[in-house]
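The structure displayed is predicted, hence computed values, not measured ones. Just so it is clear: chains get the letters A, B, ... in the order the sequence lines come, proteins before strands, and each one is counted from 1.
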Amino acid sequence: MIKAIKGVKDLLPEESPRWRFIEETARRWALAYGFQEIRVPIFETTTLFARSIGATTDIVEKEMYTFADRDGSSLTLRPEGTAGTVRAFIEHNRAADPRPQKYCYAGPMFRHERPQAGRLRQFHQFGVESFGVADPRADVEVMSLLWRLLSDLSLPGLTLEINNLGYTDDRARYKPVLVAFLKGVEQRLCANCQRRIEANPLRVLDCKVPDCRIATEDAPRLADSLSPAARDHFERVTTGLHAIGIPFHMNPRLVRGLDYYCLTAFEVTCSHLGAQNAVGAGGRYDGLVQQLGGAAIPAVGFAVGLERIALMLPEAVVIPSTPRVYVAAFGTKGADAGFSLLDELRRAGVPADMDFRSVSLKAHLRQADRLGALYTILLGDDEIDKGIATLRNMQTKAQEDLPIRDLVSSLQSRLLTSISTPFSS
RNA sequence: GUGGGUGUAGCUCAGCUGGUUAGAGCGCCGGAUUGUGGAUCCGGAGGUCGCGGGUUCGAAACCCGUCACUCACCCCA
């Protein structure tokens, strides 16, 4: 038996309504905030990711699905959505468009990691990117969208944590100070952090190992190295969050894994998830557009993990199923007429179904029940001879005889009251 | 890349210190009801016990290897 490769998952019909619900909720909120959907390729030239995410990050160093194209050029399956979006923004010169450039996207991402709860090799993200606005209200807007849409999904135990990473210059000033301190306590740090001192010193502050936490308790704070402009920006971000009632916690240790973030960094965690408790995260990345060859355009965005949302989406958030009509056609004449009737119903916009395997009326009704049909049309040879069919209400068991030629219009009007969106499930 | 746990029917799982034909519940199909779903009763189908080797008179069980899944580390959404 050929099986799916490690770290990918099939989404079976039973669970796809949940996913559609999540995706539609996210998209609806984003559109309401003025974001517009962009669809970019799932693979790009490798250097795009190497230059945007950061050459020394784990993602680039060991997690990318990279392969050679036929002409030898190196391609990579996207490990995240920002790089491709920024590339498209630059390539199509969207900065020239006077309207706000606010994009949202959804789709699969790929990282070669060991799978575990809430982490897959092919996983799915929904994200937004807001280009061209340096105003802190753009940060607030993005965090607000993130918070509102997750709350709308009734996800339990959410926390929004934020931090100020400062400008690149601020971090450049801070890094040597921090490194000097870390070298002083090097012996007390875990092996990983000892390695991080050179590779990614800020990340040491976010280590979960208790000893590392203790060792870095008196570390110089990034906040003390921040320029007045960076402080002012963050101040206005927090003020904005307060103003519109978005609850948040300051987390001075929060460091995002990707190199391109600056100023505002944020993360929403969920207490009901496994070890991978980050549902969504993002931040400002003012230098990235320029770094990838565009103009100096500020930007801010976030991404949420759809698998992680699906994991904690309460069962109670059920998706209404489409009311259906089942055509129970049996007998030689009935089966033929029923098949035509089925097609007529469908062309008239009535969601209808039939199980061609069923022969007896009993088997048909059992299927109608399983499929959750509201009505079943009983159509046997007797009915054909009389030109009438029996319409059975599956909930009340009430039956009435109707002329076959009136069935379609009758069902159209009957279902009109109960159908909200004909093809929503 | 590193550790732990688990692999028995479509699903959830029993299966004792190795013992004869590998079980249950749910689900599925059929019948009781020759044209009326869900409940009940009766019957039935369905298994390379993850795979390969080994020990043994005898292995689902013990040993070795291997693969898969899973959780965690790392990292991240």
> Where do A:Ala368 and A:Thr376 come nearest, in terms of heavy atoms and distance?
Replying inline: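 Where A:Ala368 meets A:Thr376 most closely, the heavy atoms are CB-OG1, 3.3 Å.
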> So, the side chain of A:Arg51 versus the backbone of A:Gln291: is there a donor-acceptor pair under 3.5 Å, distance only?
Replying inline: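 Yes, the answer is positive, given that a donor and an acceptor are paired below the 3.5 Å cut-off.
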Students often get this wrong, so: under 4.0 angstrom with heavy atoms, is [X] touching a base, only sugar-phosphate, or nothing?
| X | answer |
| --- | --- |
| A:Met394 | base |
| A:Phe126 | nothing |
| A:Arg308 | base |
| A:Glu14 | nothing |
| A:Lys3 | sugar-phosphate |
| A:Gly118 | base |
| A:Ile309 | nothing |
| A:Arg370 | sugar-phosphate |
| A:Gln367 | nothing |
| A:Ala368 | nothing |

>> Please encode protein proximity along nucleotides 41-46 of chain B as a string of B, S and -, counting only heavy-atom distances under 4.0 Å.
In response: ------
> Are A:Phe43 and A:Phe110 near enough that their ring centres are under 6.0 Å apart?
Replying inline: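 Not close enough - the centres of the two rings lie 6.0 Å or further apart.
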